[in-house]
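Notes follow once the structure below has been shown.
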2 protein chains.
Amino acid sequence: MAEEDIFEKVKQEFTTYLVAKGHRKTPERYMILKHIYTLDTHFDIDYLFNSINADRPMVSRATLYNTIELLVDSNLVIKHSFGSNMAHYEKAYNSESHLHLICSSCGDIKEIKDHDIKSVIQGKKLSKFALTHYSLYIYGLCTKCARTANKKKTAAVKK
Amino acid sequence: MAEEDIFEKVKQEFTTYLVAKGHRKTPERYMILKHIYTLDTHFDIDYLFNSINADRPMVSRATLYNTIELLVDSNLVIKHSFGSNMAHYEKAYNSESHLHLICSSCGDIKEIKDHDIKSVIQGKKLSKFALTHYSLYIYGLCTKCARTANKKKTAAVKK
DNA sequence: TTTACTGCAAATATTTTGCAATATC
DNA sequence: GATATTGCAAAATATTTGCAGTAAA
């Protein structure tokens with residue numbers, strides 16, 4: 001699907017959600033949604049704030065927090081908490097199924113494609129829990145940090 | 001394995017870690033480790049602080065934060081960030097493989113056993129990423145909240 | 001004896017909230 | 001016109017940090 005078509009669909013879903021909940025359709029809300037759907041990876045509020053307001057002031061932090069909560073609630077945006085004490089987000093619709101490799105040392109997050117986990121989860125009996133989405137985080141050391149750690153270990157032994 | 005044996009093993013591992021890193025073996029650190037291994041579910045720092053200091057002051061919050069970081073770094077404790085802006089933790093050693101069902105509405109977290117995901121992940125090529133552990137979070141509505149949501153929806157329509 | 005660790009209180013960082021002005025319905 | 005939403009600043013919450021006293025090595 002072309003990017004514009006995706007956004008049209010997402011926009012419609014958001015409208016439906018806003019109407020259903022009795023919320024107002026403000027330009028800020030649509031602008032934020034549109035901006036998020038131009039981003040190709042996960043982001044935090046601070047990044048979103050700066051990239052939206054790069055040229056001139058567009059929205060306040062308070063509105064960002066308010067809006068992103070609506071987007072998460074409407075399942076158009078996924079919220080992650082990767083371990084730093086700052087939430088990360090990413091668009092939910094039409095994003096390829098992927099999991100996150102998180103480096104415990106440098107905090108770097110890498111996304112890798114995955115099509116296996118989904119079927120395993122769907123095969124599970126979750127009692128009557130109504131699943132909306134899932135996140136798989138794999139922790140460990142990235143190539144770079146694993147190298148550094150080995151060097152350090154060697155150095156320590158030598159000393 | 002009996003609970004005491006588990007703790008002995010964990011204690012030894014912690015000692016090895018502390019010595020390797022040149023950290024001191026303080027009574028507070030061992031007391032916190034022991035206390036954590038008596039807990040059977042995940043917990044946050046505030047809960048840990050209150051349960052340890054229930055009868056009389058034992059450790060400060062600063063020491064808890066300091067110690068738990070060492071425990072996470074030594075892979076004896078797993079850190080979770082479930083979405084609230086407060087970290088949760090759980091013992092890592094000898095805990096049964098499980099995943100977390102998180103209710104997006106009430107925030108309730110339920111653990112369910114799982115032995116399938118592990119093999120799927122192990123079958124994956126993670127380049128040269130050195131895996132230490134993983135966490136699978138499944139989001140949705142718990143039975144209770146799903147019921148409430150339906151009621152609300154019906155009520156709203158009626159109005 | 002040296003210096004890492006503890007505990008307290010102050011500082012920081014992220015998110016939430018109160019309130020007046022504004023814009024949607 | 002009524003009131004939900006915005007933007008700003010202040011408040012709240014979780015975590016980190018500086019520092020003096022204490023204790024491990």
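Sequence lines set the chain letters: A, B, ... in the order given, protein chains first and strands last, and positions in each chain run from 1.
Here B/Tyr139 sits in one hydrophobic cluster together with A/Phe82, A/Ile102, A/Ile109, A/Tyr137, A/Tyr139, B/Phe82, B/Ile102, B/Ile109, B/Tyr137; the rule is ILVMFWY side chains under 4.5 Å apart, joined directly or through other members.
When the nearest nucleotides of DNA chain D are assigned to B/Lys25 and B/His88 by heavy-atom distance, the more 5′-ward of the two goes with B/His88.
Atom pair B/Met86:CE and D/dT16:C1' shows a separation of 17 Å (rounding to whole Å applied). Spacing between atom CE of B/Met31 and atom C1' of C/dC5 amounts to 14 Å, rounded to whole angstrom units. The interatomic distance linking B/Asn85 (CG) with C/dT15 (P) rounds to 7 Å, in whole Å. D/dA14 atom C1' lies 11 Å from atom NZ of B/Lys79, rounded to whole Å. Put simply, CG on A/Leu70 is 14 Å from P on D/dA4, counting in whole angstrom units.
For A/Tyr65 and C/dT15, the shortest distance from a side-chain N or O to OP1 or OP2 is below 4.0 Å.
With hydrogens and angles left out, the side-chain atoms of A/His35 and A/Ser51 include a donor and acceptor closer than 3.5 Å. With hydrogens and angles left out, the side-chain atoms of A/Asp73 and A/Tyr17 include a donor and acceptor closer than 3.5 Å.
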Mind listing the N/O atom pairs, protein and nucleotides 6-9 of chain D, below 3.5 Å?
{"from": "D/dT6", "atom 1": "OP1", "to": "A/Thr26", "atom 2": "OG1", "distance (Å)": "3.0"}
{"from": "D/dT6", "atom 1": "OP2", "to": "A/Asn66", "atom 2": "ND2", "distance (Å)": "2.5"}
{"from": "D/dG7", "atom 1": "OP1", "to": "A/Met58", "atom 2": "O", "distance (Å)": "3.2"}
{"from": "D/dG7", "atom 1": "OP2", "to": "A/Ser60", "atom 2": "N", "distance (Å)": "3.0"}
{"from": "D/dG7", "atom 1": "OP2", "to": "A/Ser60", "atom 2": "OG", "distance (Å)": "3.2"}
{"from": "D/dG7", "atom 1": "OP2", "to": "A/Thr63", "atom 2": "OG1", "distance (Å)": "2.6"}

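Residue A/Pro27 is in sugar-phosphate contact alone, with no base atom involved, counting any heavy-atom pair closer than 4.0 Å across all strands shown.
B/Arg29 places a side-chain N or O within 3.5 Å of a backbone atom of B/Arg24 that can act as its donor or acceptor partner. In terms of modelled atom types and a separation under 3.5 Å, the side chain of B/Lys91 and the main chain of B/Leu39 share a donor-acceptor contact. Side-chain atoms of B/Asn53 come within 3.5 Å of backbone N or O of B/Val59 as a donor-acceptor pair. At distances below 3.5 Å, at least one donor-acceptor pair connects side-chain atoms of A/Tyr37 with backbone N or O atoms of A/Tyr93.
One cannot find a donor-acceptor pair under 3.5 Å joining the base of D/dA25 and the side-chain atoms of B/Arg24.
Shortest non-hydrogen contact noted between A/Phe14 and A/Leu76 is CB-CD1, 3.7 Å.
Within residues 40-53 of chain B, no residue is approached by DNA chain D to less than 4.0 Å at the level of any non-hydrogen atom.
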